[in-house]
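Let me begin by presenting the structure, written as structure tokens, before commenting on it.
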Amino acid sequence: MQSKAGGPQRSDAQRNRERILEVALVELSRSPDVPMSVIAKKAGVGQGTLYRNFPNREALVLEAYRHEVQQLTDGAAELLKTKEPDEALRVWMDRLARFIMAKTGLADALRQVVGGTGGPESSGYALVYGSIESLLDANHEAGTIRPGVTADDFLRAIAGIWQIDISGDWHAQTTRLLDIVMDGLRAGAPGRR
């Protein structure tokens with residue numbers, strides 16, 4: 001991460017920024033109108049630190065969304081390095097479900113700052129779609145999922161996630177749904193090569 005002056009950001013400044021983003025995601029998901037002062041207080045930073053990192057609400061909301069998308073998409077590549085492709089896919093599916101549930105709450109805040117145009121969502125979608133393709137490609141190569149499954153197929157299969165009530169026990173419901181989807185993806189797999 002770079003500072004405004006162009007040099008590397010100090011580690012304590014980077015930790016503050018990360019903490020602000022974590023708190024912002026949670027708080028904005030709960031209420032799109034949460035005061036910036038509440039975010040600063042819960043992040044354990046002063047308002048000056050908050051505004052030094054994010055000069056306005058729009059900058060904070062957009063960066064919270066971008067940060068969450070980046071963590072999700074970076075996670076796909078990391079999982080493929082440490083797990084078998086089908087295990088990586090299943091773990092990433094859980095991360096995707098958490099992202100979707102967080103984004104459901106964050107959607108109102110995003111709509112407020114981008115005026116309903118969809119702004120950052122289109123670039124975020126492309127990154128997520130690319131992660132899905134890389135996970136599916138690794139599984140096709142390993143023979144751990146049925147042949148021919150596309151990213152579009154995958155997204156249609158998990159579309160039920162968007163029907164789950166975020167205020168209920170969404171974790172148990174998404175886990176069950178994604179286990180069923182994963183079982184379906186494995187059915188007809190040619191086997192590990």
Side-chain angles (χ1 to χ4, degrees), residues 1-4 9 13-79 89 91-135 151-152 154-156 158-168 170-171 173-174 177-178:
M1 176 55 72
Q2 301 251 331
S3 70
K4 288 183 182 178
Q9 195 174 40
Q14 180 61 30
R15 281 191 303 273
N16 285 341
R17 182 179 172 78
E18 295 289 325
R19 182 72 185 132
I20 291 166
L21 288 171
E22 289 170 17
V23 170
L25 181 65
V26 170
E27 295 304 317
L28 289 165
S29 294
R30 290 182 185 151
S31 170
D33 300 319
V34 64
M36 298 280 278
S37 60
V38 170
I39 293 171
K41 183 176 181 178
K42 289 189 175 188
V45 300
Q47 286 192 5
T49 299
L50 176 73
Y51 284 105
R52 196 170 25 261
N53 282 279
F54 307 100
N56 55 46
R57 174 179 289 284
E58 179 178 335
L60 178 59
V61 170
L62 293 175
E63 184 59 17
Y65 175 77
R66 190 211 59 79
H67 180 73
E68 191 72 2
V69 168
Q70 195 66 56
Q71 285 189 317
L72 177 67
T73 57
D74 288 350
E78 290 303 313
L79 287 168
L89 176 61
V91 170
W92 190 83
M93 288 165 69
D94 283 332
R95 292 178 183 179
L96 177 62
R98 282 193 305 275
F99 170 77
I100 290 168
M101 291 299 123
K103 187 179 169 302
T104 298
L106 188 58
D108 289 335
L110 279 167
R111 274 191 287 279
Q112 286 179 4
V113 300
V114 297
T117 62
E121 294 189 46
S122 58
S123 62
Y125 180 82
L127 291 171
V128 172
Y129 195 89
S131 293
I132 294 167
E133 288 181 320
S134 68
L135 286 159
D152 288 330
F154 176 84
L155 287 168
R156 285 185 199 102
I158 66 162
I161 290 176
W162 282 273
Q163 303 303 313
I164 295 173
D165 181 4
I166 191 171
S167 64
W170 65 264
H171 188 265
Q173 292 175 41
T174 60
L177 174 70
L178 295 176

message: Tell me every residue that passes salt bridge (Lys or Arg N to Asp or Glu O under 4.0 Å) with D94, counting only those two or more places apart in sequence or in another chain.
response: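 If we apply the salt bridge (Lys or Arg N to Asp or Glu O under 4.0 Å) test to D94, skipping adjacent residues, the hits are R90.
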- prompt: With no hydrogens and no angle check, is any side-chain donor or acceptor of R57 less than 3.5 Å from a backbone partner on V34?
  reply: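 Yes; at least one donor-acceptor contact below 3.5 Å.
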Do you know the tightest heavy-atom contact between [X] and [Y]?
X: A43; Y: V23; value: CA-CG2, 3.7 Å
X: L135; Y: A76; value: CD1-CB, 3.9 Å
X: Y125; Y: Y65; value: N-OH, 4.4 Å
X: R52; Y: T49; value: NH2-OG1, 3.1 Å
X: G160; Y: L177; value: C-CD2, 3.8 Å
X: N56; Y: A59; value: OD1-N, 2.7 Å

Check ion pair E27-R30 (N to O, under 4.0 angstrom):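 Yes.
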For a 4.5 angstrom cut-off between non-hydrogen side-chain atoms, does [X] reach [Y]?
X: R95; Y: L79; answer: yes
X: M93; Y: F154; answer: yes
X: I20; Y: E63; answer: no
X: L21; Y: F54; answer: yes
X: E22; Y: V26; answer: no
X: L50; Y: N16; answer: no
X: W92; Y: T73; answer: no
X: H67; Y: Q70; answer: no

Stepwise side chain to side chain contact (heavy atoms under 4.5 Å, CB included) test for W162 and M101: CA-CA 8 Å; W162 282 273; M101 291 299 123; over 6 Å; no
message: If you apply the rule side chain to side chain donor-acceptor pair (under 3.5 Å), what do you find for D152 with Y129, and how did you get there?
response: CA-CA 9 Å; D152 288 330; Y129 195 89; 3.0 Å; yes
Atom pair [atom1]/[atom2] of [X] and [Y] - distance to nearest 0.5 Å:
X: Q173; Y: L178; atom1: CD; atom2: CG; answer: 11.5 Å
X: I100; Y: I164; atom1: CD1; atom2: CD1; answer: 9.0 Å
X: L89; Y: S131; atom1: CG; atom2: OG; answer: 11.5 Å
X: M36; Y: L28; atom1: CE; atom2: CG; answer: 8.5 Å
X: R66; Y: Q71; atom1: CZ; atom2: CD; answer: 9.0 Å

field: Partners meeting side chain to side chain donor-acceptor pair (under 3.5 Å) with K41 (sequence neighbours left out)
entry: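 With neighbours one apart ignored, the set is empty.
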- prompt: Picking from V45, V38, I39, what satisfies side chain to side chain contact (heavy atoms under 4.5 Å, CB included) with K42?
  reply: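 Output: one option passes, namely V38.
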